[in-house]
Number of protein chains: 10
Amino acid sequence: MASTSATVPSNNAPYSDLPPVISQLLEAKARKGLTFEQIAQKINKDEVWVAALFYGQAKGSPEELAALATVLGFPEDQLTASLGAHWWPNRGLGPIPPTDPVIYRLFEGVLVYGHALKAVIHEKFGDGIMSMIDCKVHVDKKPDPKGDRVLLTFDGKFLPYAKW
Amino acid sequence: MASTSATVPSNNAPYSDLPPVISQLLEAKARKGLTFEQIAQKINKDEVWVAALFYGQAKGSPEELAALATVLGFPEDQLTASLGAHWWPNRGLGPIPPTDPVIYRLFEGVLVYGHALKAVIHEKFGDGIMSMIDCKVHVDKKPDPKGDRVLLTFDGKFLPYAKW
Amino acid sequence: MASTSATVPSNNAPYSDLPPVISQLLEAKARKGLTFEQIAQKINKDEVWVAALFYGQAKGSPEELAALATVLGFPEDQLTASLGAHWWPNRGLGPIPPTDPVIYRLFEGVLVYGHALKAVIHEKFGDGIMSMIDCKVHVDKKPDPKGDRVLLTFDGKFLPYAKW
Amino acid sequence: MASTSATVPSNNAPYSDLPPVISQLLEAKARKGLTFEQIAQKINKDEVWVAALFYGQAKGSPEELAALATVLGFPEDQLTASLGAHWWPNRGLGPIPPTDPVIYRLFEGVLVYGHALKAVIHEKFGDGIMSMIDCKVHVDKKPDPKGDRVLLTFDGKFLPYAKW
Amino acid sequence: MASTSATVPSNNAPYSDLPPVISQLLEAKARKGLTFEQIAQKINKDEVWVAALFYGQAKGSPEELAALATVLGFPEDQLTASLGAHWWPNRGLGPIPPTDPVIYRLFEGVLVYGHALKAVIHEKFGDGIMSMIDCKVHVDKKPDPKGDRVLLTFDGKFLPYAKW
Amino acid sequence: MASTSATVPSNNAPYSDLPPVISQLLEAKARKGLTFEQIAQKINKDEVWVAALFYGQAKGSPEELAALATVLGFPEDQLTASLGAHWWPNRGLGPIPPTDPVIYRLFEGVLVYGHALKAVIHEKFGDGIMSMIDCKVHVDKKPDPKGDRVLLTFDGKFLPYAKW
Amino acid sequence: MASTSATVPSNNAPYSDLPPVISQLLEAKARKGLTFEQIAQKINKDEVWVAALFYGQAKGSPEELAALATVLGFPEDQLTASLGAHWWPNRGLGPIPPTDPVIYRLFEGVLVYGHALKAVIHEKFGDGIMSMIDCKVHVDKKPDPKGDRVLLTFDGKFLPYAKW
Amino acid sequence: MASTSATVPSNNAPYSDLPPVISQLLEAKARKGLTFEQIAQKINKDEVWVAALFYGQAKGSPEELAALATVLGFPEDQLTASLGAHWWPNRGLGPIPPTDPVIYRLFEGVLVYGHALKAVIHEKFGDGIMSMIDCKVHVDKKPDPKGDRVLLTFDGKFLPYAKW
Amino acid sequence: MASTSATVPSNNAPYSDLPPVISQLLEAKARKGLTFEQIAQKINKDEVWVAALFYGQAKGSPEELAALATVLGFPEDQLTASLGAHWWPNRGLGPIPPTDPVIYRLFEGVLVYGHALKAVIHEKFGDGIMSMIDCKVHVDKKPDPKGDRVLLTFDGKFLPYAKW
Amino acid sequence: MASTSATVPSNNAPYSDLPPVISQLLEAKARKGLTFEQIAQKINKDEVWVAALFYGQAKGSPEELAALATVLGFPEDQLTASLGAHWWPNRGLGPIPPTDPVIYRLFEGVLVYGHALKAVIHEKFGDGIMSMIDCKVHVDKKPDPKGDRVLLTFDGKFLPYAKW
């Protein structure tokens, strides 16, 4: 559902902590009426990764930026000037702890299940961690008569601790 | 691999923030040489939920506590005296932000992908949240020649915001 | 009591953390001399929900935004351009802990009565929480010769903890 | 449902921040199998106030302590020695922000609806606050086929700001 | 001592957290060469309350704003447009803990004498608090040959805790 | 009203941050049934200063400790062994910000009126501060038909800033 | 060594927390190629006090501001308009704890030697403090073949605690 | 002035963060009635360094510990067992920011004069810092008819920044 | 790989905490397509030091600034006007703890290995520290078939603690 | 240099956050007079890794624990009972930010050089991080006539960000 006049002011949270081009990208997306899923399909990526790119949390290759520019009808050189080869994501966004309930629930998951997850990961894999760098994150909709469910998946490489 | 003399001192982090019976449960588990997965199978639950119970983050029913006592050879009345009907989990454990790298990586996931997940959840489901209460958490091992992967899944009900 | 020249500067707390249209909405309301209660009656909603919308903490449907625009004599397209389909509330506003005494008193209620409320909720409902998502909040004036009283009500669905 | 051996260790959160008699009171309550509601009826008070007393957040009069001692079969002199005339509640309990989801939801209510409530209170009552001192707090169960609801009410006196 | 060109930049602490009209009021005061005491006498209020108004911490009635405008030669409609009926103080100003030594000393008074004051207030008045809402604050100069003294007085209503 | 068995456990807030003799002093006071005011009269000091001494925030001279020991029937050598010449107060007590409403209200006074007080003090005295070291603090009860009032006074020397 | 085009942008730390005239003063100083020591000699003050004035941490008298304006060739009325009679320093600057290594080292001195200094001050002077208000601060260069040394001196009045 | 029964409980701040031998050393010192200055003279060190040793913030050589043991009549092997070759100071003591007014004033000095000191140090010495490691700290009493003064000196080596 | 239109907005983190010339330098570098390594070779410095200079964390001499200006084709007087003799780095950049995973990993190294490094440094060198002022930092790429490795080296002078 | 009576109290920082066996290991090490380097050579590991093990920040294999027990003459079963198969390091130790100057200097390195290191790592390796899990840390002594130098090396695998 395109909204030709949609605006995303760049001086409110969380956009005030991101390059101004981010607000322009989100405006372009809204005006085209595209979802992250639709953009993702067109540029052959997952929608969560695309959304991470839109929030300045991932780095696009020249080809990915070009494809994105095409999909959004956004000037490619403007995109490259801002998020091109010289730009590296300054990752981490928003207050700690998060105040928005959607994000807070994820944080609550860390508070409540963090030690249990650590214990199970150690038991299944040994001394090491689940990488958040070599990690793919997915969101799926799981229809359910009692109310649809969000299926959130982190698929991260296990990294054993070095000894030396 | 049972270690008949395993000790879990109750005055170190994170045990110092939990009832003393927690350390005794973990000692019993270590002395029996049981994994969370093995215990889970015996009491018909998922290993992550069982681990959450062991870290004081879930509440067992009388039947679940009884089954657990049996599996561990732990005195049931002692378990019930501590974690029985009168006890309610005081959820949330460990420092904020977490310092242990296993748990920190989950927290980093919230920092880096939080806004992207919020955006995708809103787009797929509307204005609301993924419940962390009606939520099931799983850890699976996904063998991979380049290094095994941790598959961490949150399966939570979507809750739309009320209007009134 | 309309004040035709009322201004709400968008760069002071808490407005500096909200989209600029918020200040314009509040100015329009002040210039029309309407209360939240009056607006709420006209658009068939509760005044607390309406106030939450005015502070960027709730999401209006297209119909609700249209009705609001009509009531305030505010250009609908401008409202939609800012708070329309592409916009999702970034919930949570103001410092932690709150410094304003009105809001601090609510926070003090959590500090002083939080554990008592948790205990009573568990006892009456079991292991779970009162939802703040499926929750309706009301403020009523209760006349009292010794000084009027504020009747603040949270009407939230009980959500039992999942087991798996 | 009385559990004659229920224990409440006094060195875990939140009990480690409260006088040791608190744990003993909670143990006595659990062993008698009494709910806060039952105790409240017997001593003619509201269950939330009684729970606040049990968590060291309210001060009982000599008569109230005596009645409580009778109900619990707890030595009155021991209760008076700890929580008698010389004792004053040191109010405020638990971490800020709260980590337990039950208590956090209340805190989230302050974050999300705090400014809306402030705005409505000012509009309905003028410049002042809702007292959290002259305030009565209730929890009711509201049966609902779609899931029971928690009705949480704060009934506090409005206090206008002095001018001088 | 009027300084016709005095400036109060609105983008420095603490003014950056206050409406821009605050800086203009302080400039007007400086240019008129009036003290808070002189203004207070002219508008029949205490100088501390007047200063609180100047720092956005109190709400003036239409009559008080009009009187203030007259005293300062400040356009009344501009004052009303900013701080009129639609405006409510967002109370609480400056960092926590305060860094300015004048304000820090007051904070130090809370740190050092807070528990003593609590104990004496309880002993003299019972279980309750000194209101900071129904409270009048005064500053007097007490000449002393060994160095003048500041006499700071808080005159607040005692509020007993409700029981229910 | 003496309570011969009053106890003040030394391992709860705020006593856990104070020497154990503090709890014993408070127990002795409660068992004698003496108020701070009564003790103050007997040892010729103000009750607030006496309470500060009881909370480890003031240093007694040998004579003052001796007088206090006499009044309380407390072994003088035990008092001197703990709080004698070798002991210096470690001033500052309790969490920041305070959570107890009695103490929080004082803190709120700093947040709300701090800048106003700074402005008035500068205007009346020049560039400098009100000393919290050479400062006397009083609490008086001011009967009032609408509810008694607490009169809290800080009488502190003004200290001008050095220039060099 | 004058740099006629030196700029000091007023929107970077720490200048963004200070009145804009501060940046202009520092620019004027840089363009004149004057050191704080040279300015101090010309206006008959110590260089540390002068630097404190330049960082908005001290208040100049009309004569001092006039002298400073002359030395810098800065318009006196502009200086007075900003830092004149109506302006009072808002003291305290920079993050806590400090991140700049020069300032952090001083902070480290407080962390490491604070308790030792408190103990020695009490032993030499009794119960009281070293004033930071009636205090003169000096920096001297002490040549040393193994590397020059900074001699930093605080010369502050001892203030004994009042009793009352 | 020796107090043969002086006690220094090891479980109060700041002693609870230090090895138990620290409390014993302070008790021995009090019972001998020795000042830091007297001990310092006997072991040929400065009193501030000696006090730092007593607060666990400096490391004594075997000879220094032996001399200290002799002066205090303290068992040398006990001192060596605790603070001997295997022990290294865990430097930094007390809350941040400090709450004790003596220590806070030093901290205030950093807040108020930190940027001025940085500016003067850079101007006099270039780009680098005053070492807090190769630094000697002294406290002297400077008699003054208007009130004695504390002369606090930091004598630290200037360290220029490396370039590479 | 030069990008002639690369932009580095000066109002995003971390640039918003740095002088505006920093963004211009980074733009010039990107437009020239130069790496830090290439610039370093041309001006005879290490690339880490050069990058530190680009992030406002090191001070260039007039010769170094001139050489940098030449390499970048950047106006030398503009560089000197901003970062010349009158400018001193305000060191320390970014949030604490860091949220960007690259920087967080270094911080994690301090959390996990800090005490081990302290213990080994003390054992190898005695009581003192590794200087971060007289310290050279290098990053090298160490090819490895299992994945290239980052070799990060801190080469800092050991500074023994003074005694006095 | 063995000290047969060396003690390491387990209730001081940082030991109070670690299992009690840690203090016993450190005591055994001190009593044997062994350095980390000597232990490392005997068990064929690097001294930094060994020190990390001693501070509860690394996990030893059964063989490594056995070797360690042998070297220290420590009962192997006691070591295994505490740090055996059932134990997983709870990594991260000490306050944030660190107060000990040795550890703080490392933290300062992150504050000052963090962004420069991030920039150089990205430029040399692309979008990714230096692993702190697959990372080896070394401390070497580099003799230097102007003062020995600490050579601290982190040798960590570069991990590129996944895309999906």
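None of these values were measured; they are calculated from a predicted model. So you know, we letter chains A, B, ... as the sequences are listed, proteins then strands, and number each from 1.
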Task: N-O pairing of C/D100 and D/K118 below 4.0 Å - done: yes

What option among [options] has the most heavy-atom pairs under 4.5 Å with chain D?
{"options": "C/F107, C/F158, C/F125", "result": "C/F125"}
{"options": "C/Q57, C/H115, C/K146", "result": "C/H115"}
{"options": "C/K124, C/K142, C/R91", "result": "C/K124"}
{"options": "C/V150, C/I129, C/L106", "result": "C/V150"}
{"options": "C/L53, C/V48, C/V110", "result": "C/V110"}
{"options": "C/Y113, C/F154, C/Y55", "result": "C/F154"}

Which atoms of [X] come close to chain C, meaning under 4.5 Å heavy atom to heavy atom: side chain ones, backbone ones, both, or neither?
{"X": "D/D144", "answer": "neither"}
{"X": "D/E47", "answer": "both"}
{"X": "D/H138", "answer": "neither"}
{"X": "D/V137", "answer": "side chain"}
{"X": "D/P98", "answer": "side chain"}

Task: Leading residue by heavy atom contact count with chain C [cutoff under 4.5 Å; candidates D/I121, D/L159, D/L111, D/I96] - done: D/L111

TODO: With a 4.5 Å cut-off on heavy-atom pairs, point out which of D/D134, D/V50, D/I133, D/D140 contacts chain C the most.
DONE: D/D134

- [ ] Could you grab the distance from atom OH of C/Y15 to atom CG of C/L25, nearest 0.5 Å is fine?
- [x] 11.5 Å

Over all heavy atoms of both residues, which pair between [X] and [Y] is shortest? Give the atoms and the distance, please.
{"X": "C/S16", "Y": "C/N11", "value": "CB-C, 3.8 Å"}
{"X": "C/G56", "Y": "C/I22", "value": "N-CD1, 3.8 Å"}
{"X": "C/L152", "Y": "D/M130", "value": "CD2-CE, 3.8 Å"}
{"X": "D/K29", "Y": "D/T35", "value": "CE-C, 4.0 Å"}

Open item on the list: Could you check whether C/K136 makes a cation-pi contact with C/W49, meaning its NZ or CZ is under 6.0 Å from the centre of the six-membered ring and within 45° of the ring axis?
Closed with: no

Task: Over-ring placement of D/K59 relative to D/W88, 6.0 Å and 45° cut-offs - done: yes

Open item on the list: Between D/D17 and D/N90, is there a side-chain heavy-atom distance shorter than 4.5 Å?
Closed with: no

Open item on the list: Between C/F36 and chain D, with a heavy-atom cut-off of 4.5 Å, which part of the residue counts as in contact: side chain, backbone, both or neither?
Closed with: both

Open item on the list: Between C/L93 and chain D, with a heavy-atom cut-off of 4.5 Å, which part of the residue counts as in contact: side chain, backbone, both or neither?
Closed with: both

Open item on the list: Show, in sequence, the C-alpha distance, side-chain angles and deciding distance for D/Q24 and D/Q78, and conclude whether the side chain to side chain donor-acceptor pair (under 3.5 Å) test is met.
Closed with: CA-CA 10 Å; D/Q24 296 161 15; D/Q78 196 179 326; 2.8 Å; yes

